[in-house]
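Take a look at the structure set out below.
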Amino acid sequence: MTDTKAMVPSTCWECSTRCGSLLTVESGRVTKILPNPDHPASRGAFCVKGLRGLPELTYHSDRLLKPLRRRGERGGGDWQEISWDEALDEITERFLETKETYGAPALAGAVSNAYYSRGAVVALLMRAFGSPNWMINQDLCGGCRAVSDKVTGLAIHNGEDIDNTNCALIVGRNPYAADPVQWQALKRAKERRAKIVTIDPARTPAADIADLWLRPRPGTDAAIAMAMINWLIDNDRVDHHFIAKWTSGFEALAERAADYPIDRAAEIADIPAEDIEKAAALYADGPSSFVSGHGIDAFSAGVQTFRAFHCLVAISGNLDRKGGNRRIKRPPDFTSYADILHKAEFRLPLEIEKQTIGADRFPLWAGPDGWQTACHNPTVIEAMLIGAPYPVRALYVSGVNIAVTYPDTPRTIAALKSLDFVVGAGHLMNPTLALCDIVLPKTTGLEEDEVSLEANGPCLSATQSAHAPLGDARSDFDIAAAVVDRLEANGYPEARTFFPWRTKRDFNRYLLGGGPVTLDSLMRKGFASFEFVYADFEKTGFKTPTGKIELYSTMLEEQGLDPLPAYVPVTRDSAPAETRSDYPLVLLTGARERSYHHSRFHEQEWAQKVSPDPWIQIHPETAADFGIGDKDWVEVEIAGGSGKCRLCADVTENILPGVLRTGMGWWRPEANAPDYGAFEININAATSYGGPWDPATGAADTRGVLCRMKRTEKPAP
Ligand SMILES: Nc1nc2c(c(=O)[nH]1)N[C@H]1C(S)=C(S)[C@@H](COP(=O)(O)OP(=O)(O)OC[C@H]3O[C@@H](n4cnc5c(=O)[nH]c(N)nc54)[C@H](O)[C@@H]3O)O[C@H]1N2
Ligand SMILES: Nc1nc2c(c(=O)[nH]1)N[C@H]1C(S)=C(S)[C@@H](COP(=O)(O)OP(=O)(O)OC[C@H]3O[C@@H](n4cnc5c(=O)[nH]c(N)nc54)[C@H](O)[C@@H]3O)O[C@H]1N2
Ligand code: SF4
Ligand SMILES: [Mo]
């Protein structure tokens with residue numbers, strides 16, 4: 001432990017923005033966190049979750065500091081402290097028992113966010129047991145854009161070059177709440193008079209700063225993008241040189257886009273035709289940067305929607321151009337967490353990977369050729385409950401609160417309860433950990449080292465431990481490494497293949513490889529810039545079957561899917577008339593708030609003060625129609641959903657009439673275990689995970705769904 005005062009440069013990892021930080025450490029505690037103005041990606045941007053959320057979580061009086069074993073029935077809340085040896089022995093033994101009885105694929109992992117080490121660590125731990133099954137929450141997050149990006153060949157993940165752009169096209173993104181780095185860059189762009197075009201059914205700060213705000217019917221953005229493509233082609237505003245040299249399928253795209261004259265798109269999206277034309281003209285002036293968000297991802301037409309925008313980026317010549325959308329840059333020899341998942345030396349035999357749940361139906365998403373090789377989550381939940389396509393009987397959960405953040409909470413909780421053995425790693429008791437047999441105490445972002453590649457900047461970042469872990473907390477890496485040691489000792493030497501590193505330091509060194517940045521120099525500064533060039537495809541080409549940007553996607557075609565982008569009519573438009581009259585409203589979920597990160601920080605008093613209740617935005621006309629006043633509580637039900645949720649009305653013109661908009665991730669740490677309000681104020685208690693699913697990713701509709709509401713009482717505290 002450090003006794004004297006020290007300053008540690010680090011990187012906040014409470015969200016994937018990953019802002020550079022400066023930690024003041026006194027007597028073994030972090031006493032102050034400041035933004036690091038020198039960090040090339042975040043440039044001094046920061047948020048309250050990093051400033052207050054992280055230290056208050058780390059030093060919280062209820063923090064989990066010892067491994068726990070359930071006593072009595074699952075979810076009964078009776079826990080016994082045990083040693084790490086007992087916990088790790090039991091986990092290894094019970095997982096091996098399940099493997100013996102049902103086969104290795106009966107073991108599954110669940111984790112969030114593949115841009116942290118824990119994603120790769122959980123996948124490799126499952127592989128060490130011989131199971132290809134692990135769930136990641138990206139089908140609910142950025143999965144549709146990632147698959148569209150991959151099949152089109154762009155590789156632009158988060159590469160918006162806002163500081164050099166003339167026009168930011170913000171679609172389904174609320175950077176004010178979601179990403180302070182992006183928000184600051186947009187404000188700088190505004191100051192130097194770059195144009196801002198925002199497409200969002202809701203009025204957000206990004207709509208307020210926009211030169212042009214398009215307010216479409218939810219889920220209709222693809223029609224707008226197709227009309228913009230058509231306008232660019234008709235008005236000869238495309239980049240002919242780029243198209244001829246670097247793309248395939250332009251003629252076919254042009255023909256398809258001709259189906260979307262501006263008037264037709266305006267009608268589909270219910271916005272003025274001249275606004276689409278203005279948007280196309282502003283974007284065509286360029287260089288333009290497409291700033292996309294979750295508002296057009298995570299729904300059953302997410303891939304096609306992104307395909308339309310991605311083709312727009314390509315034909316306008318904005319790919320990897322200064323001020324456009326930069327491709328992912330990396331230092332030589334660097335291995336990312338996603339690379340590890342695909343590297344030959346860490347793979348299971350093909351016939352086993354083919355058994356990954358969901359690989360048969362969504363091969364671009366799940367299994368050996370899938371974007372991250374993970375499972376199709378709703379099908380895994382189903383397998384837990386009904387034993388088909390085969391039984392899944394044991395689960396390792398780390399860094400994801402699935403009882404709150406997966407759609408259809410009642411079904412997720414039933415699935416967790418049905419399992420033979422569940423282990424979870426985390427920081428505080430929550431509705432998911434409450435249903436575990438063993439709970440493991442996890443280190444926080446102040447107690448662990450991590451290396452990450454930042455698309456912004458671009459640069460490498462280092463998170464570093466400011467002090468030794470509190471109590472007996474351990475990192476995800478150390479937990480997995482200790483289980484792999486036990487597997488090896490128990491006669492499974494092959495387990496080591498998937499986890500060759502003994503310490504996280506070895507692992508971090510492995511990521512940096514023989515490149516120009518050493519771990520010591522990275523840690524000393526907290527970040528490292530590296531050289532990069534724009535238009536790198538001139539040297540490398542594109543990683544698609546044709547080696548070109550595939551406006552016409554051969555990978556989608558091979559799967560029997562539409563190789564050209566299109567507007568796929570929103571699911572609700574084809575619902576039976578009876579359903580539409582029973583559920584007359586449209587619901588958007590997932591609006592971000594600055595004080596919470598999904599289900600995180602709800603235990604903290606400051607956050608509860610900033611945002612005490614889960615809100616739902618309702619237009620004044622809609623509120624009047626339903627007899628609902630501001631701050632009334634309403635009960636919401638979703639067509640095809642399996643439950644209800646209570647939310648507090650925010651009557652506001654910021655949302656369209658007939659559309660309701662709410663957040664997600666609500667529970668109350670102070671409420672009764674094991675549910676902690678997960679059935680009451682959590683929108684996922686009302687959503688469905690059961691499809692329709694995006695045909696490429698299997699993503700379910702988390703927005704744009706039919707719902708109904710009525711006045712209700714405030715839930716008891
Ligand atoms: N403070 C905070 N920051 C976060 C998070 C958090 O929980 N808290 N979560 C992080 C994570 S994991 C993610 S994925 C990001 C998500 O952050 P964003 O990408 O910004 O996504 P959302 O807030 O879900 O939605 C953005 C906007 O899309 C709009 N929208 C909804 N439906 C449609 C539609 O059909 N068309 C269009 N054009 N717009 C639509 C919504 O009204 C909303 O304003 O935020 C990250 N940052
Ligand atoms: N209806 C609806 N559902 C949604 C969304 C929506 O918009 N609408 N958004 C979706 C999106 S975009 C996302 S990203 C998901 C988010 O879903 P989750 O990832 O489940 O969200 P968090 O609340 O951030 O939960 C993370 C959990 O991991 C723990 N944790 C944090 N860091 C670590 C770590 O380093 N190691 C370990 N072991 N644990 C850690 C935290 O304590 C917390 O309990 O939710 C999705 N669900
Ligand atoms: S935006 Fe906030 S929570 Fe996310 S990395 Fe930056 S400081 Fe941390
Ligand atoms: Mo997300």
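Order of appearance sets the numbers: ligands from 1, and atoms from 1 within every ligand.
- Across Asp476 and Val121, no two heavy atoms sit closer than the pair O-CG1, 3.6 Å.
- In terms of heavy-atom proximity, Cys144 sits nearest to Thr697 at SG-OG1, 3.4 Å.
- Nearest residue to atom 22 (P) of ligand 2 from His602, Arg600, Glu603, Glu447 is Arg600 (criterion: closest heavy atom).
- When only non-hydrogen protein atoms are considered, atom 15 (C) of ligand 2 lies nearest to Asn137 ND2, 3.5 Å.
- With no hydrogens or angles considered, a side-chain donor-acceptor pair links His39 and Ser461 at under 3.5 Å.
- The ligand atoms of ligand 2 that sit less than 4.0 angstrom from a heavy atom of Cys141 are 12 (S), 14 (S).
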Ser465 and Glu448: side chain to side chain donor-acceptor pair (under 3.5 Å), yes or no, with the steps? CA-CA 4 Å; Ser465 52; Glu448 210 179 305; over 6 Å; no
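- A centroid separation of 6.0 Å or more is found between the aromatic rings of His376 and Trp365.
- Taking a cut-off of under 4.0 Å to the non-hydrogen atoms of Ser112, the atoms of ligand 2 that pass are 19 (O).
- Side-chain atoms of Gln464 and Ser10 include no donor-acceptor pair closer than 3.5 Å.
- Between Trp666 and Tyr596, the ring centre distance stays below 6.0 Å.
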Test log, rule side chain to side chain contact (heavy atoms under 4.5 Å, CB included), inputs Val705 and Val586: CA-CA 5 Å; Val705 289; Val586 174; over 6 Å; no
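- Crowding of Tyr176 atom OH: a count of heavy atoms from other residues, nucleotides or ligands under 6.0 Å not exceeding 12.
- Counted by atom type alone, Ser452 and Glu454 present one or more donor-acceptor pairs between their side chains at under 3.5 Å.
- Counting heavy atoms under 4.0 Å from ligand 2, residue Asp476 touches it through the side chain alone.
- Looking at atom 3 (N) of ligand 2, its nearest protein heavy atom turns out to be Asn684 ND2, 3.2 Å.
- Ser642 pairs in a side-chain hydrogen bond (donor to acceptor under 3.5 Å, both in side chains) with only one of the listed residues (Asp408, Thr409, Thr687), which is Asp408.
- Ranking the protein heavy atoms by distance from atom 44 (O) of ligand 2 puts Asn430 ND2, 3.2 Å first.
- Distance from atom 35 (O) of ligand 2 to its nearest protein heavy atom, with residue and atom name: Arg118 NH1, 3.0 Å.
- In this structure, Arg708 forms a cation-pi arrangement with Tyr583, its terminal cationic atom sitting closer than 6.0 Å to the ring centre and no more than 45° off the ring axis.
- In this comparison of Met429, His427, Glu14, the heavy atom closest to atom 31 (C) of ligand 2 sits on His427.
- Protein heavy atom closest to atom 23 (O) of ligand 2, with residue, atom name and distance, is Ser599 OG, 2.5 Å.
- Residue Arg592 places a heavy atom under 4.0 Å from ligand 2.
- In this structure, atom 13 (C) of ligand 2 lies nearest to the protein heavy atom His598 CE1, 3.7 Å.
- Of the protein's non-hydrogen atoms, Gly399 O, 3.6 Å is the one closest to atom 26 (C) of ligand 2.
- In summary, the atoms of ligand 2 found under 4.0 Å from a heavy atom of Ser398, numbered by their order in the structure, are 37 (C), 38 (N).
- By the 3.5 Å distance cut-off applied to N or O atoms, Asn401 is counted among the residues near ligand 2.
- Among Leu435, Leu395, Asp437, the single residue meeting the side-chain contact (heavy atoms from CB on, under 4.5 Å) criterion with Leu419 is Leu395.
- Around atom 10 (C) of ligand 2, the closest heavy atom drawn from Thr589, Leu140, Val122, Ile136 belongs to Leu140.
- With distances taken over non-hydrogen atoms, the option nearest atom 4 (C) of ligand 2 out of Gln138, Lys442, His294, Met664 is Met664.
- Every atom of ligand 2 is numbered from 1 in the order shown, and the set under 4.0 Å from a heavy atom of His597 is 23 (O), 24 (O).
- Ordered by chain and number, Cys15 SG make up the set of protein N, O or S atoms under 2.8 Å of atom 4 (Fe) of ligand 3.
- Counting only heavy atoms from C-beta outward, the side chains of Gln617 and Trp615 approach each other to under 4.5 Å.
- Within the 4.5 Å cutoff, side-chain heavy atoms of Leu446 are placed close to those of Leu23.
- In terms of protein heavy-atom proximity, atom 18 (P) of ligand 2 is nearest to Thr405 OG1, 3.6 Å.
- Outside the 6.0 Å centre-distance limit, the rings of Tyr396 and Phe129 are not counted as a close aromatic pair.
- No part of Glu448 comes within 4.0 Å of ligand 2, judged by heavy-atom distances.
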